[in-house]
Amino acid sequence: MDAQVPNETRTATCRLFIALPVPEEVKREIQRAQDQLRRELPEGWVRWNRAEQLHLTLRFLGNVDVAQTAALTDAVRAACANFAPLKLRAGRIGCFPDLRFPRVVWVGVHDGEKRLADLAKSVGEATAAFSEETREEKFTGHITIALIKNVGRREAGILAKLAQNMTGREFGEWTADAIEIVRSELAVDGARPTCLARLPLRGMIGQ
């Protein structure tokens, strides 16, 4: 029988991700769309993200050694040091991987200057040593609004029609002037996020 590892020698970890926060007025518009979708979709088929769970993830890290959080924060701070605040716009409803087999429902986020993907790439490279999670091959700016529990052809068709009707839906614009390192604690009613560090974007536009 293998000897059990004493509690004091086990590595403590926390589940982390890097994200851009979403302002309350944009969250309210997203929640209105959630309510509209909720009325049309079968009950119990979808788990809807609460307001505090609405954010724009740049990089999901998974479990990170607690002892490494200070070094992680320094690495992320350096990665975004030259980035100026981003002007973002949230609009339209979509699904991953696609509307035929939906697993995630999202609101798209775009920036007119095309710097959002560059920021995500910089953060991803800076945090590679702290995470074993696979990085996205292509970054797509989005806010996850729901997770699909079970899906059939009929339900997928209903969701696809609703999403297509919201193609032109706008949820608001804002200036993102900081990124956050967030701890995500899993619970029965969904993940509970807590901001561990807020890092300002202070670079000059055009750098």
Side-chain angles (χ1 to χ4, degrees), residues 2-24 26-27 49-88 90 96 104 106-107 109 111 113-145 147 174-207:
D2 294 337
Q4 291 187 345
V5 179
N7 289 337
E8 60 270 17
T9 63
R10 294 175 184 170
T11 301
T13 63
C14 52
R15 189 170 181 264
L16 303 178
F17 61 87
I18 316 296
L20 292 170
V22 176
E24 293 302 318
V26 175
K27 290 182 180 181
N49 278 1
R50 303 184 303 275
E52 63 269 25
Q53 297 173 313
L54 300 177
H55 51 261
L56 198 171
T57 300
L58 298 174
R59 173 79 163 107
F60 176 72
L61 300 175
N63 291 327
V64 176
D65 187 341
V66 170
Q68 293 295 312
T69 54
L72 169 68
T73 301
D74 289 341
V76 176
R77 182 181 291 108
C80 65
N82 293 326
F83 282 89
L86 305 177
K87 294 182 179 180
L88 303 177
F96 290 141
V104 175
W106 49 260
V107 164
V109 179
D111 69 314
E113 297 176 345
K114 308 299 182 183
R115 292 186 294 122
L116 179 58
D118 292 337
L119 177 60
K121 180 181 178 181
S122 183
V123 168
E125 291 173 349
T127 58
F130 299 92
S131 174
E132 296 181 358
E133 294 289 331
T134 302
R135 289 168 54 191
E136 296 177 330
E137 293 184 7
K138 182 180 180 181
F139 176 79
T140 302
H142 70 280
I143 301 166
T144 297
I145 68 170
L147 301 177
W174 75 99
T175 298
D177 59 3
I179 67 175
E180 295 181 343
I181 299 176
V182 183
R183 180 178 64 201
S184 177
E185 297 179 277
L186 297 179
V188 175
D189 58 348
R192 297 175 179 173
T194 303
C195 178
L196 299 183
R198 182 177 173 85
L199 307 174
L201 300 175
R202 294 176 173 168
M204 299 295 292
I205 295 177
Q207 285 186 332

**Asked** Are the side chain of Asp111 and the backbone N or O of Leu116 linked by a donor-acceptor pair below 3.5 Å?
**Response** yes
**Asked** At what distance, to the nearest 0.5 angstrom, does OG1 of Thr127 lie from CG of Leu72?
**Response** 7.0 Å
**Request:** Measure across Leu201 and Ala176 and return the closest heavy-atom pair with its distance rounded to 0.1 Å.
**Result:** CD1-O, 3.6 Å
**Asked** So, does Ser122 use its side chain to make a donor-acceptor pair with the main chain of Ala79 at under 3.5 Å?
**Response** yes
**Prompt:** Gln53 side chain to Ala191 main-chain N or O, any donor-acceptor pair under 3.5 Å?
**Reply:** yes
**Request:** List in chain and number order the residues that pass ring-ring contact (aromatic ring centres under 6.0 Å, His included) with Phe17, two or more places apart in sequence or in another chain; answer none if no residue qualifies.
**Result:** His55
**Prompt:** For the residue pair Phe130 and Ala75, what are the closest heavy atoms and their distance?
**Reply:** CE1-CB, 4.0 Å
**Item:** Within residues 70-79 or reaching into it, pairs that qualify as salt bridge (Lys or Arg N to Asp or Glu O under 4.0 Å) - sequence neighbours excluded
**Value:** Asp74-Arg77
**Message:** If I compare all heavy atoms of Leu54 with all of Thr144, which pair ends up nearest, and what's the gap?
**Reply:** CD2-O, 3.5 Å
**Request:** Determine whether Lys87 and Thr175 make a side-chain contact, defined as any pair of heavy atoms from C-beta on separated by less than 4.5 Å.
**Result:** yes
**Fill in**
Rounding to 0.5 Å, atoms CZ (Arg50) and CZ (Arg192) come to a distance of 7.0 Å
**Gap between atom SG of Cys80 and atom CG of Asp118 - 0.5 Å precision** = 13.5 Å
**Prompt:** Counting distance only, does the side-chain N/O of Thr73 pair as donor-acceptor with the main-chain N or O of Thr69 below 3.5 Å?
**Reply:** yes
**Message:** So which atom in Pro193 and which in Glu52 form the shortest heavy-atom distance, rounded to 0.1 Å?
**Reply:** CG-O, 3.1 Å
**Request:** Check whether any side-chain N or O of Arg115 sits under 3.5 Å from a backbone N or O of Ala84 as a donor-acceptor pair, and report yes or no.
**Result:** yes
**Message:** Please find the pair of heavy atoms, one from Val22 and one from Trp174, that lie closest to each other, and give the distance.
**Reply:** CG2-CZ2, 4.5 Å
